[in-house]
Amino acid sequence: MIDILLILCTLLLPGDRAELVFAGDAMQHQRQIDAARLPDGELDYSPYFVSLKPYISSADYAVVNLETPLGGAPYSGYPMFCAHDNYITALTDAGFDLMLSANNHILDRHDRGVLRTISAFESAGVPWLGVYRNAVQRSEILPFIREINGFKIAFLNYTYGTNGIEKHSDIEIDYINRRRMARDVAEAREKGAELIAVCIHWGDEYKLLPNSEQKSLAAYLDSLGVEMIIGGHPHVIQPMQLTESAVTGRPVLTVYSLGNFISAMRTTDTRGGAMVRVTLGRDMDGKALIKGASYRMVFVHPPVAKGDNYRLFPSESESISESMRPRRDAFVRNARAVFDRHNRNVPLDTLPMVEYLLKSIPEYEDEEVFSN
(Lines give C-alpha, C1' and ligand atoms only; values in the text may rest on other atoms or scores of the structure.)
Protein backbone atom coordinates (compact mmCIF):
# COMPACT_ATOMS: atom_id res chain seq x y z
CA MET A 1 0.00 0.00 0.00
CA ILE A 2 2.83 2.42 0.87
CA ASP A 3 4.49 1.81 -2.51
CA ILE A 4 1.23 2.52 -4.30
CA LEU A 5 0.78 5.77 -2.40
CA LEU A 6 4.33 6.86 -3.22
CA ILE A 7 3.74 6.18 -6.92
CA LEU A 8 0.50 8.15 -6.87
CA CYS A 9 2.20 11.07 -5.12
CA THR A 10 4.96 11.05 -7.71
CA LEU A 11 2.38 11.18 -10.50
CA LEU A 12 0.20 13.85 -8.95
CA LEU A 13 2.62 16.28 -7.33
CA PRO A 14 3.97 18.96 -9.68
CA GLY A 15 7.69 19.59 -9.96
CA ASP A 16 8.74 16.00 -9.31
CA ARG A 17 9.50 15.01 -12.90
CA ALA A 18 10.69 16.64 -16.07
CA GLU A 19 11.96 15.37 -19.40
CA LEU A 20 14.61 17.04 -21.55
CA VAL A 21 15.51 16.16 -25.14
CA PHE A 22 18.84 16.98 -26.79
CA ALA A 23 19.44 16.67 -30.53
CA GLY A 24 22.65 16.80 -32.56
CA ASP A 25 23.81 19.00 -35.42
CA ALA A 26 21.15 20.58 -37.62
CA MET A 27 23.12 21.32 -40.78
CA GLN A 28 22.40 22.68 -44.24
CA HIS A 29 24.33 21.47 -47.24
CA GLN A 30 23.86 22.59 -50.82
CA ARG A 31 21.73 19.56 -51.65
CA GLN A 32 19.38 20.60 -48.86
CA ILE A 33 19.15 24.11 -50.27
CA ASP A 34 18.39 22.78 -53.75
CA ALA A 35 15.64 20.50 -52.43
CA ALA A 36 14.10 23.17 -50.20
CA ARG A 37 14.05 26.00 -52.74
CA LEU A 38 10.63 27.28 -53.79
CA PRO A 39 9.85 29.03 -57.09
CA ASP A 40 9.94 32.42 -55.32
CA GLY A 41 13.44 31.74 -54.01
CA GLU A 42 12.38 31.09 -50.42
CA LEU A 43 13.51 27.91 -48.68
CA ASP A 44 10.96 25.52 -47.19
CA TYR A 45 12.18 23.27 -44.38
CA SER A 46 8.70 22.41 -43.09
CA PRO A 47 8.80 18.68 -44.04
CA TYR A 48 12.07 18.07 -42.17
CA PHE A 49 10.92 17.14 -38.69
CA VAL A 50 7.26 16.18 -39.01
CA SER A 51 7.86 12.53 -38.11
CA LEU A 52 9.93 13.46 -35.03
CA LYS A 53 7.63 16.19 -33.76
CA PRO A 54 5.76 13.92 -31.30
CA TYR A 55 9.03 12.84 -29.69
CA ILE A 56 10.43 16.37 -29.51
CA SER A 57 7.31 18.25 -28.48
CA SER A 58 6.37 15.73 -25.79
CA ALA A 59 9.50 16.74 -23.85
CA ASP A 60 9.25 19.54 -21.34
CA TYR A 61 12.28 21.24 -22.92
CA ALA A 62 14.15 20.44 -26.13
CA VAL A 63 17.58 21.65 -27.30
CA VAL A 64 19.27 21.48 -30.73
CA ASN A 65 22.56 22.65 -32.23
CA LEU A 66 21.93 24.91 -35.23
CA GLU A 67 25.18 24.43 -37.13
CA THR A 68 24.82 27.27 -39.59
CA PRO A 69 24.54 31.03 -39.33
CA LEU A 70 21.41 32.80 -40.53
CA GLY A 71 23.33 35.34 -42.53
CA GLY A 72 20.79 36.24 -45.19
CA ALA A 73 20.91 35.61 -48.94
CA PRO A 74 22.71 34.16 -50.79
CA TYR A 75 22.27 30.87 -48.97
CA SER A 76 25.09 28.37 -49.08
CA GLY A 77 26.24 24.94 -47.97
CA TYR A 78 29.67 23.54 -47.19
CA PRO A 79 32.25 24.89 -46.60
CA MET A 80 30.70 28.27 -45.65
CA PHE A 81 27.20 27.60 -44.41
CA CYS A 82 24.31 30.04 -44.40
CA ALA A 83 20.64 29.11 -43.93
CA HIS A 84 17.33 30.84 -44.46
CA ASP A 85 15.51 32.11 -41.35
CA ASN A 86 12.80 29.53 -42.07
CA TYR A 87 15.17 26.94 -40.62
CA ILE A 88 14.51 28.13 -37.07
CA THR A 89 10.78 28.22 -37.83
CA ALA A 90 10.90 24.53 -38.76
CA LEU A 91 12.90 23.70 -35.63
CA THR A 92 10.61 25.58 -33.26
CA ASP A 93 7.51 24.16 -34.97
CA ALA A 94 8.97 20.71 -34.25
CA GLY A 95 9.12 21.57 -30.56
CA PHE A 96 12.63 22.85 -29.91
CA ASP A 97 12.90 25.47 -27.19
CA LEU A 98 16.59 26.42 -27.31
CA MET A 99 19.09 26.89 -30.17
CA LEU A 100 22.81 26.33 -29.68
CA SER A 101 25.15 28.48 -31.78
CA ALA A 102 28.65 27.89 -30.40
CA ASN A 103 30.02 25.69 -33.16
CA ASN A 104 32.82 25.74 -35.72
CA HIS A 105 30.62 27.18 -38.49
CA ILE A 106 29.06 30.14 -36.68
CA LEU A 107 31.60 32.57 -38.21
CA ASP A 108 31.11 31.31 -41.77
CA ARG A 109 29.52 34.66 -42.65
CA HIS A 110 31.91 36.46 -40.31
CA ASP A 111 30.83 39.00 -37.69
CA ARG A 112 27.90 40.34 -39.67
CA GLY A 113 26.57 36.81 -40.02
CA VAL A 114 26.69 36.35 -36.25
CA LEU A 115 24.89 39.64 -35.70
CA ARG A 116 22.23 38.78 -38.24
CA THR A 117 21.80 35.33 -36.68
CA ILE A 118 21.19 36.96 -33.32
CA SER A 119 18.70 39.35 -34.90
CA ALA A 120 16.87 36.41 -36.46
CA PHE A 121 16.62 34.69 -33.08
CA GLU A 122 15.40 37.89 -31.47
CA SER A 123 12.79 38.52 -34.18
CA ALA A 124 11.49 34.97 -33.84
CA GLY A 125 11.48 35.13 -30.04
CA VAL A 126 13.72 32.07 -29.89
CA PRO A 127 16.17 31.64 -26.99
CA TRP A 128 19.76 30.91 -28.00
CA LEU A 129 23.20 30.40 -26.51
CA GLY A 130 26.82 30.52 -27.62
CA VAL A 131 27.08 33.89 -29.41
CA TYR A 132 26.26 37.43 -28.29
CA ARG A 133 26.39 40.96 -29.69
CA ASN A 134 28.91 41.97 -27.06
CA ALA A 135 30.04 41.24 -23.52
CA VAL A 136 27.10 43.20 -22.11
CA GLN A 137 24.56 41.01 -23.88
CA ARG A 138 26.40 37.90 -22.72
CA SER A 139 26.19 39.06 -19.12
CA GLU A 140 22.47 39.76 -19.59
CA ILE A 141 21.74 36.29 -20.98
CA LEU A 142 24.03 34.22 -18.76
CA PRO A 143 23.49 32.43 -16.55
CA PHE A 144 20.74 31.03 -18.76
CA ILE A 145 18.42 29.31 -16.28
CA ARG A 146 14.98 27.96 -17.10
CA GLU A 147 12.40 26.65 -14.65
CA ILE A 148 11.13 23.43 -16.18
CA ASN A 149 8.35 21.69 -14.27
CA GLY A 150 9.73 23.17 -11.06
CA PHE A 151 13.38 22.30 -11.82
CA LYS A 152 15.82 25.19 -12.24
CA ILE A 153 18.12 24.10 -15.06
CA ALA A 154 21.09 26.09 -16.39
CA PHE A 155 22.30 25.60 -19.97
CA LEU A 156 25.75 26.56 -21.30
CA ASN A 157 27.26 26.19 -24.76
CA TYR A 158 30.89 26.18 -25.96
CA THR A 159 32.89 25.33 -29.09
CA TYR A 160 36.49 24.25 -29.64
CA GLY A 161 36.92 26.78 -32.46
CA THR A 162 35.54 28.46 -35.56
CA ASN A 163 37.61 26.93 -38.38
CA GLY A 164 40.35 29.51 -38.02
CA ILE A 165 38.05 32.46 -38.72
CA GLU A 166 38.51 35.25 -36.19
CA LYS A 167 36.07 37.90 -35.08
CA HIS A 168 36.75 41.58 -35.81
CA SER A 169 34.19 43.33 -33.65
CA ASP A 170 32.69 43.23 -30.15
CA ILE A 171 30.76 40.00 -30.74
CA GLU A 172 31.25 37.30 -28.13
CA ILE A 173 31.63 33.61 -28.96
CA ASP A 174 31.80 31.00 -26.21
CA TYR A 175 34.98 29.07 -26.93
CA ILE A 176 36.07 26.20 -24.71
CA ASN A 177 38.08 27.78 -21.91
CA ARG A 178 38.29 26.00 -18.59
CA ARG A 179 38.50 29.16 -16.50
CA ARG A 180 35.53 30.73 -18.25
CA MET A 181 33.50 27.52 -17.93
CA ALA A 182 34.33 27.34 -14.21
CA ARG A 183 33.13 30.91 -13.73
CA ASP A 184 29.96 30.28 -15.71
CA VAL A 185 29.14 27.13 -13.76
CA ALA A 186 29.79 28.85 -10.43
CA GLU A 187 27.60 31.80 -11.39
CA ALA A 188 24.80 29.49 -12.47
CA ARG A 189 24.90 27.78 -9.07
CA GLU A 190 24.95 31.13 -7.29
CA LYS A 191 21.83 32.16 -9.22
CA GLY A 192 19.94 29.05 -8.15
CA ALA A 193 20.55 26.41 -10.82
CA GLU A 194 19.77 22.96 -9.42
CA LEU A 195 21.19 21.12 -12.44
CA ILE A 196 23.55 22.28 -15.17
CA ALA A 197 23.75 21.12 -18.80
CA VAL A 198 26.91 21.98 -20.75
CA CYS A 199 26.41 21.54 -24.49
CA ILE A 200 29.82 21.35 -26.09
CA HIS A 201 31.22 21.25 -29.63
CA TRP A 202 34.32 19.06 -29.54
CA GLY A 203 36.04 15.88 -30.73
CA ASP A 204 37.37 14.44 -33.98
CA GLU A 205 35.13 14.38 -37.03
CA TYR A 206 33.91 10.93 -38.17
CA LYS A 207 35.41 9.10 -35.17
CA LEU A 208 32.97 6.82 -33.36
CA LEU A 209 34.82 6.99 -30.05
CA PRO A 210 35.83 10.05 -27.99
CA ASN A 211 39.42 11.24 -27.96
CA SER A 212 41.56 11.88 -24.89
CA GLU A 213 40.79 15.62 -24.84
CA GLN A 214 37.04 14.94 -24.74
CA LYS A 215 37.51 12.55 -21.84
CA SER A 216 39.73 15.03 -20.01
CA LEU A 217 37.28 17.88 -20.50
CA ALA A 218 34.34 15.70 -19.43
CA ALA A 219 36.22 14.83 -16.23
CA TYR A 220 36.89 18.53 -15.66
CA LEU A 221 33.22 19.42 -16.09
CA ASP A 222 32.36 16.60 -13.69
CA SER A 223 34.78 18.13 -11.18
CA LEU A 224 32.84 21.40 -11.46
CA GLY A 225 29.64 19.55 -10.58
CA VAL A 226 28.05 19.65 -14.04
CA GLU A 227 25.31 17.01 -14.30
CA MET A 228 24.75 16.89 -18.09
CA ILE A 229 27.57 17.02 -20.66
CA ILE A 230 26.11 16.91 -24.16
CA GLY A 231 28.49 16.78 -27.11
CA GLY A 232 28.36 17.36 -30.83
CA HIS A 233 30.58 18.08 -33.87
CA PRO A 234 32.01 14.67 -34.97
CA HIS A 235 29.00 14.19 -37.36
CA VAL A 236 28.76 10.60 -36.11
CA ILE A 237 27.47 9.16 -32.88
CA GLN A 238 29.71 8.48 -29.89
CA PRO A 239 28.93 6.70 -26.59
CA MET A 240 26.63 7.88 -23.79
CA GLN A 241 27.23 7.15 -20.12
CA LEU A 242 25.10 7.78 -17.03
CA THR A 243 27.44 7.24 -14.12
CA GLU A 244 28.07 8.33 -10.57
CA SER A 245 30.11 11.50 -10.33
CA ALA A 246 33.58 10.95 -8.93
CA VAL A 247 33.23 14.29 -7.15
CA THR A 248 29.64 14.69 -6.01
CA GLY A 249 28.49 11.07 -5.96
CA ARG A 250 25.41 12.18 -7.90
CA PRO A 251 24.37 10.94 -11.37
CA VAL A 252 26.17 12.62 -14.27
CA LEU A 253 25.27 12.08 -17.92
CA THR A 254 28.01 12.30 -20.54
CA VAL A 255 27.02 12.15 -24.21
CA TYR A 256 30.18 12.40 -26.30
CA SER A 257 28.41 12.99 -29.63
CA LEU A 258 24.82 12.90 -30.82
CA GLY A 259 26.00 12.92 -34.42
CA ASN A 260 24.10 14.63 -37.22
CA PHE A 261 20.52 15.58 -36.58
CA ILE A 262 19.83 16.44 -40.19
CA SER A 263 22.31 16.93 -43.02
CA ALA A 264 23.01 15.88 -46.60
CA MET A 265 26.05 13.79 -45.69
CA ARG A 266 26.10 10.40 -47.38
CA THR A 267 28.69 8.15 -45.76
CA THR A 268 27.21 5.36 -43.66
CA ASP A 269 27.84 6.78 -40.20
CA THR A 270 26.82 10.35 -41.08
CA ARG A 271 23.35 9.53 -42.43
CA GLY A 272 21.75 9.98 -39.03
CA GLY A 273 22.35 10.45 -35.35
CA ALA A 274 20.77 10.06 -31.97
CA MET A 275 18.60 12.05 -29.64
CA VAL A 276 18.89 11.63 -25.90
CA ARG A 277 15.96 11.94 -23.51
CA VAL A 278 16.83 12.79 -19.91
CA THR A 279 14.38 12.22 -17.07
CA LEU A 280 14.79 14.44 -14.01
CA GLY A 281 13.44 13.78 -10.55
CA ARG A 282 14.10 14.43 -6.88
CA ASP A 283 15.59 12.32 -4.15
CA MET A 284 14.07 11.79 -0.70
CA ASP A 285 15.54 15.11 0.43
CA GLY A 286 14.00 16.98 -2.48
CA LYS A 287 17.27 17.51 -4.35
CA ALA A 288 17.10 17.46 -8.13
CA LEU A 289 18.93 14.68 -9.96
CA ILE A 290 18.95 12.68 -13.17
CA LYS A 291 16.66 9.69 -12.79
CA GLY A 292 17.40 8.11 -16.16
CA ALA A 293 18.29 8.61 -19.81
CA SER A 294 17.62 6.83 -23.10
CA TYR A 295 18.48 7.36 -26.73
CA ARG A 296 16.58 7.17 -29.98
CA MET A 297 18.22 6.98 -33.39
CA VAL A 298 17.15 9.13 -36.33
CA PHE A 299 17.79 8.66 -40.04
CA VAL A 300 17.91 11.33 -42.74
CA HIS A 301 15.86 10.43 -45.80
CA PRO A 302 17.03 12.32 -48.91
CA PRO A 303 14.72 13.25 -51.80
CA VAL A 304 13.93 10.27 -54.01
CA ALA A 305 11.99 12.10 -56.71
CA LYS A 306 11.79 15.57 -58.22
CA GLY A 307 10.00 17.90 -55.83
CA ASP A 308 10.85 15.86 -52.71
CA ASN A 309 12.56 17.41 -49.72
CA TYR A 310 14.79 16.00 -47.02
CA ARG A 311 12.97 14.36 -44.12
CA LEU A 312 14.03 13.02 -40.77
CA PHE A 313 12.59 9.74 -39.47
CA PRO A 314 12.94 7.58 -36.40
CA SER A 315 15.39 4.94 -37.58
CA GLU A 316 12.81 2.19 -37.13
CA SER A 317 10.19 3.96 -39.26
CA GLU A 318 8.32 1.95 -41.86
CA SER A 319 8.07 5.13 -43.94
CA ILE A 320 11.68 4.80 -45.04
CA SER A 321 11.67 3.84 -48.71
CA GLU A 322 12.84 0.46 -49.92
CA SER A 323 15.76 2.06 -51.73
CA MET A 324 17.04 3.70 -48.52
CA ARG A 325 16.49 0.79 -46.13
CA PRO A 326 19.87 -0.86 -46.78
CA ARG A 327 21.59 2.45 -45.95
CA ARG A 328 19.40 2.86 -42.87
CA ASP A 329 20.22 -0.67 -41.76
CA ALA A 330 23.97 -0.08 -42.16
CA PHE A 331 23.80 3.15 -40.18
CA VAL A 332 21.82 1.50 -37.38
CA ARG A 333 24.07 -1.55 -37.30
CA ASN A 334 27.22 0.55 -36.85
CA ALA A 335 25.67 2.85 -34.27
CA ARG A 336 24.20 0.01 -32.24
CA ALA A 337 27.58 -1.73 -32.22
CA VAL A 338 29.09 1.34 -30.54
CA PHE A 339 26.20 1.93 -28.15
CA ASP A 340 25.82 -1.71 -27.13
CA ARG A 341 29.50 -1.98 -26.33
CA HIS A 342 30.26 1.40 -24.79
CA ASN A 343 27.05 2.90 -23.40
CA ARG A 344 26.56 2.72 -19.65
CA ASN A 345 23.03 2.98 -18.27
CA VAL A 346 21.67 4.74 -21.37
CA PRO A 347 19.52 2.19 -23.22
CA LEU A 348 17.71 2.34 -26.54
CA ASP A 349 14.24 3.87 -26.30
CA THR A 350 11.79 1.40 -27.85
CA LEU A 351 8.56 3.19 -26.95
CA PRO A 352 6.34 3.35 -30.06
CA MET A 353 6.21 6.83 -31.56
CA VAL A 354 2.42 6.84 -31.20
CA GLU A 355 2.94 6.88 -27.43
CA TYR A 356 4.91 10.11 -27.74
CA LEU A 357 2.16 11.49 -29.96
CA LEU A 358 -0.33 10.84 -27.19
CA LYS A 359 2.03 12.17 -24.50
CA SER A 360 2.37 15.43 -26.42
CA ILE A 361 -1.37 16.05 -26.01
CA PRO A 362 -1.98 17.62 -22.55
CA GLU A 363 -5.50 16.21 -22.31
CA TYR A 364 -4.15 12.69 -22.78
CA GLU A 365 -1.60 13.12 -20.00
CA ASP A 366 -4.29 14.29 -17.59
CA GLU A 367 -6.51 11.32 -18.44
CA GLU A 368 -3.60 8.92 -18.00
CA VAL A 369 -2.74 10.23 -14.55
CA PHE A 370 -6.23 10.14 -13.17
CA SER A 371 -7.06 6.73 -14.66
CA ASN A 372 -4.33 5.05 -12.60
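Minimum interatomic distance between Val64 and Ala26 (heavy atoms only, all atoms of both residues): CG2-CB, 4.2 Å. Taking each heavy atom of Arg17 and Thr279 in turn, the nearest pair found is NH1-CG2, 3.5 Å. Listed here is the closest heavy atom pair of Ser169 and Asp111: OG-OD2, 2.6 Å. Scanning both residues, Asp44 and Asn309, for their nearest heavy atoms gives O-ND2, 2.8 Å. Between Thr89 and Thr92 the shortest heavy-atom distance is O-OG1, 3.1 Å. Closest approach of Thr248 to Gly225, counting heavy atoms only: CG2-CA, 4.3 Å.
Salt bridge present: Arg116 and Asp85 bring a charged side-chain N and a carboxylate O closer than 4.0 Å. A salt bridge is absent between Arg250 and Glu244: the closest approach of a Lys/Arg side-chain nitrogen to an acidic carboxylate oxygen does not fall below 4.0 angstrom. A salt bridge links Arg138 with Asp184: at least one charged nitrogen is closer than 4.0 Å to a carboxylate oxygen. Electrostatic pairing of Lys291 and Glu227 does not count as a salt bridge here, judged by no charged N lying under 4.0 Å from a carboxylate O. A salt bridge between Asp349 and Arg296 is present, with a side-chain N of the basic residue lying under 4.0 Å from a carboxylate O of the acidic one. Looking at Arg183 and Glu190, no side-chain N of the basic residue comes within less than 4.0 Å of a carboxylate O on the acidic one, giving no salt bridge. Taking a cutoff of 4.0 Å between a charged side-chain nitrogen and a carboxylate oxygen, Arg133 and Glu140 do not qualify as a salt bridge.
Of the possible polar contacts, none joining the Asp204 side chain to the Lys207 backbone as a donor-acceptor pair under 3.5 Å is found. Between the side chain of Asn157 and the main chain of Ala102, a donor-acceptor pair closer than 3.5 Å is present. Proximity of a side-chain donor or acceptor of Asp340 to a complementary backbone N or O of Ala337 within less than 3.5 Å is not detected. Without hydrogens or angle criteria, Asn345 side chain to Leu242 main chain gives a donor-acceptor distance under 3.5 Å. Looking at Ser216, its side chain never comes within 3.5 Å of a backbone N or O of Ser212 through a donor-acceptor pair. In this structure, Asn134 contributes its side chain and Gln137 its backbone to a donor-acceptor pair below 3.5 Å. Side chain of Asp222 to main chain of Ala218: no donor-acceptor pair is present (N/O by atom type, distance under 3.5 Å, no hydrogens or angles).
The ring of Phe81 has its center no closer than 6.0 angstrom to the ring center of Tyr75. Under the 6.0 Å cut-off for aromatic ring centres, Tyr45 and Tyr310 do not qualify, their centroids lying 6.0 Å or more apart. Between Trp128 and Phe121, the ring center distance clears the sub-6.0 Å criterion. Note: Tyr295 and Phe339 meet the aromatic proximity criterion, with ring centroids under 6.0 Å apart. Taking the six-membered ring for Trp and the full ring otherwise, the centers of Phe22 and Phe96 sit at least 6.0 Å from each other. Ring centroid separation for the pair His201 and Tyr158 does not come in under the 6.0 Å cut-off.
No side-chain heavy atom of Leu129 sits less than 4.5 Å from a side-chain heavy atom of Ser101. You'll find the side chain of Pro314 reaches within 4.5 Å of the side chain of Leu52, heavy atoms only. Between Phe313 and Met324 the shortest side-chain heavy-atom distance does not fall below 4.5 Å. Annotation: side chain of Leu43 is in contact with side chain of Gln28 (closest heavy-atom distance under 4.5 Å). Counting heavy atoms from C-beta on, the side chains of Ile262 and Met27 never come closer than 4.5 Å. You'll find the side chain of Leu107 reaches within 4.5 Å of the side chain of Ile173, heavy atoms only. Side-chain contact check for Ile88 versus Leu70: some heavy-atom pair is nearer than 4.5 Å. No side-chain heavy atom of Thr254 sits under 4.5 Å from any side-chain heavy atom of Thr243.
Ring planes of His301 and Phe299: perpendicular class, angle over 60° (limits at 30 and 60°). Ring geometry for Tyr78 against His29 counts as tilted: the plane angle lies between 30° and 60°, on a 0 to 90° scale.
Side chain to side chain, Glu213 and Asn211 fail the donor-acceptor criterion of an N or O pair below 3.5 Å. Between the side chains of Arg277 and Ser58, a donor-acceptor pair is found at a separation under 3.5 Å. A donor and an acceptor atom, one from each side chain of Asp174 and Tyr132, are located under 3.5 Å apart. A donor atom on one side chain and an acceptor atom on the other are not found under 3.5 Å apart for Arg336 and Ser315. For the residue pair Thr159/Asn103, the side-chain donor-acceptor check at 3.5 Å is not satisfied. For the residue pair Tyr175 / Thr162, a side-chain donor-acceptor distance below 3.5 Å is found, with atom types taken as modelled.
The structure places CG of Leu91 at 11.5 Å from CG of Asp97, a figure rounded to the nearest 0.5 Å. Here Lys215 contributes atom NZ and Leu209 contributes atom CG; the two are 7.5 Å apart, rounded to the nearest 0.5 Å.
Cation-pi geometry between Arg146 and Phe144 is satisfied (NZ or CZ under 6.0 Å from the ring centre, within 45° of the ring normal).
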Inset, instruction - Using the side-chain hydrogen bond (donor to acceptor under 3.5 Å, both in side chains) rule, take Ser76 and Arg109 through it: C-alpha gap first, then chi angles, then the decisive distance, then the call. - result: CA-CA 10 Å; Ser76 56; Arg109 285 292 175 92; 3.2 Å; yes
Inset, instruction - Just do the side-chain contact (heavy atoms from CB on, under 4.5 Å) check on Tyr160 and Asn104 with the steps written out, would you? - result: CA-CA 7 Å; Tyr160 75 92; Asn104 60 306; 3.4 Å; yes
Inset, instruction - Take Met228 and Val198, measure what side-chain contact (heavy atoms from CB on, under 4.5 Å) needs, and give me the verdict at the end. - result: CA-CA 6 Å; Met228 289 169 275; Val198 172; over 6 Å; no
Legend entry - Working for side-chain hydrogen bond (donor to acceptor under 3.5 Å, both in side chains), residues Tyr256 and Gln241: CA-CA 9 Å; Tyr256 284 107; Gln241 300 171 349; 4.5 Å; no
Legend entry - Trace of the side-chain contact (heavy atoms from CB on, under 4.5 Å) decision for Ile290 with Val278: CA-CA 7 Å; Ile290 299 172; Val278 187; 3.8 Å; yes
Legend entry - Chi angles and distances behind the side-chain contact (heavy atoms from CB on, under 4.5 Å) call for Val21, Tyr55: CA-CA 9 Å; Val21 161; Tyr55 180 86; 3.9 Å; yes
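Not a single side-chain contact (heavy atoms from CB on, under 4.5 Å) links Ser123 to another residue, sequence neighbours left out. For Gln30, the side chain to side chain donor-acceptor pair (under 3.5 Å) partners at least two apart in sequence or on another chain are Asp34.
Paired with Glu194 under the rule side chain to side chain donor-acceptor pair (under 3.5 Å), one option of Lys287, Arg282, Arg189 passes, and it is Arg282.
Enclosure of atom NZ in Lys167 by more than 12 non-hydrogen atoms of other residues, nucleotides or ligands within 6.0 angstrom is indicated. Residue Arg266 qualifies as open at atom CZ: its count of foreign heavy atoms under 6.0 Å is 12 or below.
Residue Val247 is not grouped with residue Leu156 when hydrophobic side chains (ILVMFWY) are merged at heavy-atom distances under 4.5 angstrom, including chains of intermediate members. Under the 4.5 Å side-chain heavy-atom criterion for Ile, Leu, Val, Met, Phe, Trp and Tyr, Ile148 and Leu100 are members of the same hydrophobic cluster.
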